[in-house]
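A quick write-up on the structure given underneath.
Values in this document were obtained by computation on a predicted structure and should not be read as measured data.
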Amino acid sequence: MLRVDVLCVGKLKEAYWRDACAEYQKRLGSFCRLTVTEVEETRLPDRPSAAQIAETVNTEGRRLLQKIPQGAAVIALCIEGKALSSEQLSASLEGMTVSGDSRIAFLIGGSHGLSDEVKASARLKLSMSPMTFPHQLARVMLLEQIYRAMQIAAGGKYHK
């Protein structure tokens, strides 16, 4: 069975985000073995300097890189990534599994994004949208899209 790891910077603070993620985690249990791993978020002052932001992004990036399971195909979520339709994401995931990948790791950075080192480790850089969303919503959106992709691949009725 496919293993999917979602590696995220920070914790979900509000119950409604946690509830939404829990629902998609439950649904995905029929399609894959899903693990969500949170790495520590670095606290910044209210008005951080560019150097402080850069150091934070690099520190959080190192934390994410340490958690990537060995042999996992890495997909990094970043605004400059490729925007895929749900059908294209489904085909990409299916293509990875057909080519022998049994584990896929999705990486979600902190509110200031992912380090260049993390992006360089990715097989696919994926953009959810050029729009800006609340950082915590990214995890919910990703889990929903993974679920949708699995439904599409299985010929399910969820995707219309």
Side-chain angles (χ1 to χ4, degrees), residues 1-39 41 60-61 63-160:
M1 180 176 263
L2 176 66
R3 296 190 61 149
V4 176
D5 296 274
V6 176
L7 308 175
C8 320
V9 173
K11 297 186 178 300
L12 295 176
K13 295 169 182 69
E14 288 84 9
Y16 54 89
W17 295 132
R18 290 191 303 270
D19 292 345
C21 286
E23 177 62 26
Y24 287 111
Q25 286 177 272
K26 181 178 79 175
R27 291 181 186 193
L28 279 163
S30 300
F31 297 98
C32 64
R33 292 164 90 196
L34 176 73
T35 304
V36 176
T37 303
E38 298 171 333
V39 300
E41 179 179 22
E60 292 172 347
R63 290 177 187 144
L64 285 171
L65 289 169
Q66 290 172 352
K67 297 292 184 178
I68 297 171
Q70 186 172 352
V74 175
I75 299 175
L77 274 68
C78 51
I79 197 161
E80 69 273 18
K82 187 174 185 176
L84 299 177
S85 69
S86 297
E87 295 88 353
Q88 290 170 321
L89 177 61
S90 179
S92 291
L93 296 179
E94 198 166 11
M96 288 178 181
T97 59
V98 167
S99 69
D101 292 311
S102 60
R103 193 161 200 171
I104 299 172
F106 289 88
L107 279 57
I108 302 174
S111 60
H112 292 284
L114 291 170
S115 68
D116 290 338
E117 186 179 11
V118 170
K119 293 175 196 176
S121 75
R123 182 175 304 172
L124 172 65
K125 288 183 267 189
L126 179 65
S127 173
M128 295 289 236
S129 169
M131 293 187 285
T132 302
F133 296 101
H135 172 65
Q136 295 186 23
L137 180 58
R139 190 182 315 185
V140 177
M141 292 171 58
L142 174 62
L143 290 172
E144 190 280 335
Q145 283 299 300
I146 295 169
Y147 176 68
R148 184 177 295 274
M150 301 286 181
Q151 281 282 347
I152 290 168
K157 295 178 183 177
Y158 181 77
H159 180 73
K160 298 175 178 125

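- Looking only at distances, a side-chain donor or acceptor of R18 sits under 3.5 Å from a matching main-chain atom of L12.
- Going from atom NZ of K125 over to atom CG of L107 covers 13.0 Å, rounded to the nearest 0.5 Å.
- The CD1 atom of I104 sits 6.5 Å away from atom OG1 of T97, with the distance rounded to the nearest 0.5 Å.
- Looking only at side-chain heavy atoms (C-beta outward), L28 and V4 stay at 4.5 Å or farther from each other.
- A side-chain donor-acceptor contact under 3.5 Å links S86 and Q145.
- L84 places a side-chain heavy atom less than 4.5 Å from the side chain of S92.
- R123 places none of its side-chain heavy atoms less than 4.5 Å from the side chain of V74.
- Between the side chains of Y158 and E144, at least one donor N or O sits under 3.5 Å from an acceptor N or O.
- Side-chain contact check for R139 versus V36: some heavy-atom pair is nearer than 4.5 Å.
- Contact between S85 and Q88 at its shortest, heavy atoms only, is N-OE1, 2.8 Å.
- Closest non-hydrogen pair, A122 versus A76, comes out as CB-CB, 3.7 Å.
- Side-chain contact between R3 and P69 is absent, with no heavy atoms from C-beta onward closer than 4.5 Å.
- Within the 4.5 Å cutoff, the side chain of L2 has no heavy atoms near those of the F31 side chain.
- Side-chain atoms of V140 and Q136, non-hydrogen and from C-beta on, never get closer than 4.5 Å to each other.
- The minimum heavy-atom distance between A153 and S90, with the atom names listed, is N-OG, 3.5 Å.
- Side-chain contact between K119 and E80: present, with at least one pair of heavy atoms (C-beta onward) separated by less than 4.5 Å.
- Closest of all the heavy-atom pairs between G10 and E41 is CA-CB, 3.9 Å.
- Separation of atoms OG1 (T35) and NZ (K67) is listed at 12.0 Å; rounding is to 0.5 Å.
- K13 NZ: more than 12 foreign heavy atoms inside a 6.0 Å radius.
- Enclosure of atom CD in E117 is not indicated, since only 12 or fewer non-hydrogen atoms of other residues, nucleotides or ligands lie within 6.0 angstrom.
- Atom-to-atom distance recorded for M1:CE and S30:OG is 7.5 Å, nearest 0.5 angstrom.
- Comment: R63 does not engage E60 in a salt bridge, judged by the lack of any side-chain N to carboxylate O separation of less than 4.0 angstrom.
- To the nearest 0.5 Å, atoms CE (M96) and CZ (R103) are separated by 15.0 Å.
- Going from atom CD of E14 over to atom CG of L137 covers 11.0 Å, rounded to the nearest 0.5 Å.
- Between L114 and the choices I108, I79, L64, the side-chain contact (heavy atoms from CB on, under 4.5 Å) rule is met once, by L64.
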